[in-house]
Amino acid sequence: MITNEQIRQAIEDCNEKGYPVRVRDISYILLCDKIEDRSAVYKMVFGMDEDFNIDKAEDFDKSDSILNLRKYILSNFYNDIDISFEENKREMVRLIEEAKLAKEEGWMKASDSLKLQSDLRVKLNDKFKVSDENQEQMIVVNTKFNSICEHCGHEISVPTKEYLMEKYNLVEKEN
């Protein structure tokens, strides 16, 4: 839980650094942590303003003030808060997207971005068992017996022409 004093301190600290913030901005950051759709959070927090425009949501989210406030809140408010399994998983997926964006916008070298994405994907797969769930699995059951030996009377398996053609990818010769 975040106290009123912590909120006041956050506003003062950010204003001193030259990033003016309001209580609404802090509310926006805290709600973004709980709700996946940031444009919906923007609408919830700023929906009643006269100058409300949903297209401003993305610009607002990437503004220097909000980025600085997000870092401040993460470093000062979340030291003792437990992160749930799903929150951690969502955050790792978001970090992969941020690594792609950093590469595209030139903040990070392509090789560093690809290494970071690879590391995050491996961790995501190992820790959260996120993998391709649509893997086709095939069970092959070979025929046990399809004939009886004329000499001893035991059951035997004699491969058919069709089976051998399919198994060895053979094509029948045309005359």
Side-chain angles (χ1 to χ4, degrees), residues 1-140:
M1 180 175 286
I2 298 171
T3 65
N4 288 339
E5 184 57 38
Q6 287 175 314
I7 292 173
R8 275 189 226 107
Q9 188 64 44
I11 292 171
E12 288 175 16
D13 290 347
C14 289
N15 287 336
E16 284 177 13
K17 291 181 182 180
Y19 299 106
V21 296
R22 304 170 292 177
V23 175
R24 282 181 161 188
D25 299 334
I26 295 172
S27 300
Y28 173 80
I29 298 294
L30 296 175
L31 280 173
C32 282
D33 194 37
K34 301 295 179 194
I35 300 173
E36 189 173 349
D37 186 6
R38 290 187 176 185
S39 60
V41 173
Y42 183 84
K43 189 172 183 178
M44 283 184 244
V45 175
F46 298 102
M48 301 308 282
D49 291 350
E50 306 88 40
D51 64 338
F52 171 77
N53 184 349
I54 197 68
D55 297 329
K56 293 182 183 179
E58 190 171 324
D59 295 336
F60 175 79
D61 190 58
K62 292 181 180 179
S63 70
D64 290 338
S65 294
I66 294 301
L67 292 174
N68 186 55
L69 179 61
R70 187 173 284 124
K71 288 177 191 173
Y72 180 88
I73 288 175
L74 285 174
S75 64
N76 292 305
F77 292 172
Y78 289 120
N79 293 338
D80 58 343
I81 295 177
D82 291 332
I83 298 174
S84 74
F85 180 82
E86 285 300 318
E87 287 173 327
N88 203 3
K89 182 176 164 184
R90 272 196 315 270
E91 184 63 20
M92 288 187 80
V93 171
R94 188 188 64 76
L95 287 173
I96 290 170
E97 294 303 317
E98 277 191 20
K100 289 178 186 176
L101 180 67
K103 180 184 81 172
E104 290 170 6
E105 294 187 2
W107 301 340
M108 184 183 281
K109 288 192 280 184
S111 60
D112 293 340
S113 175
L114 292 174
K115 174 144 179 43
L116 180 61
Q117 288 179 49
S118 174
D119 292 345
L120 287 170
R121 288 181 187 277
V122 167
K123 287 179 183 174
L124 190 63
N125 193 33
D126 290 347
K127 302 290 181 196
F128 301 104
K129 305 292 185 230
V130 176
S131 61
D132 186 16
E133 295 175 4
N134 296 329
Q135 291 178 345
E136 290 186 27
Q137 296 181 354
M138 185 182 305
I139 298 174
V140 178

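Using a 4.5 Å cut-off on side-chain heavy atoms (C-beta onward), S65 and P20 make contact. At a threshold of 4.5 Å between non-hydrogen side-chain atoms, the residues V41 and E36 do not count as touching. At a threshold of 4.5 Å between non-hydrogen side-chain atoms, the residues Y28 and R38 count as touching. A heavy-atom distance below 4.5 Å is not found between the side chains of E97 and L101. No side-chain heavy atom of I11 sits under 4.5 Å from any side-chain heavy atom of Q6. Side-chain atoms of I66 and F60, non-hydrogen and from C-beta on, do get closer than 4.5 Å to each other.
Note that CG of L30 is 8.0 Å distant from CG of L69, once rounded to the nearest 0.5 Å. One finds the CD atom of Q9 at 10.0 Å from the SG atom of C14 (value rounded to the nearest 0.5 Å). With rounding to the nearest 0.5 angstrom, the CD1 atom of I96 is 11.0 Å from the CD atom of E91. Here the straight-line distance linking atom NZ of K71 with atom NZ of K17 works out to 9.5 Å at 0.5 Å rounding. The line from SG of C32 to CZ of R70 is 6.0 Å long, rounded to the nearest 0.5 Å. Between L67 atom CG and D61 atom CG the span is 7.0 Å, to the nearest 0.5 Å.
Of all heavy-atom pairs between S113 and A99, the closest is OG-O, 2.7 Å.
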Stepwise side-chain contact (heavy atoms from CB on, under 4.5 Å) check, Q117 with L95
CA-CA 8 Å; Q117 288 179 49; L95 287 173; over 6 Å; no
| request: Tell me, with the steps shown, if K115 and D112 meet salt bridge (Lys or Arg N to Asp or Glu O under 4.0 Å). | output: CA-CA 5 Å; K115 174 144 179 43; D112 293 340; over 6 Å; no
Checking L116 against M108 for the side-chain contact (heavy atoms from CB on, under 4.5 Å) test, could you report, in this order, the C-alpha distance in whole Å, the side-chain angles of both residues, the deciding distance, and whether it holds? CA-CA 10 Å; L116 180 61; M108 184 183 281; 4.0 Å; yes
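Under a 3.5 Å cut-off, the side chain of N15 and the backbone N or O of E12 do not form any donor-acceptor pair. The main-chain N or O of V23 is found under 3.5 Å from a side-chain atom of S27 such that the two form a donor-acceptor pair.
Counted by atom type alone, D13 and Y72 present one or more donor-acceptor pairs between their side chains at under 3.5 Å.
The side-chain hydrogen bond (donor to acceptor under 3.5 Å, both in side chains) check on N68 picks up nothing, with sequence neighbours excluded.
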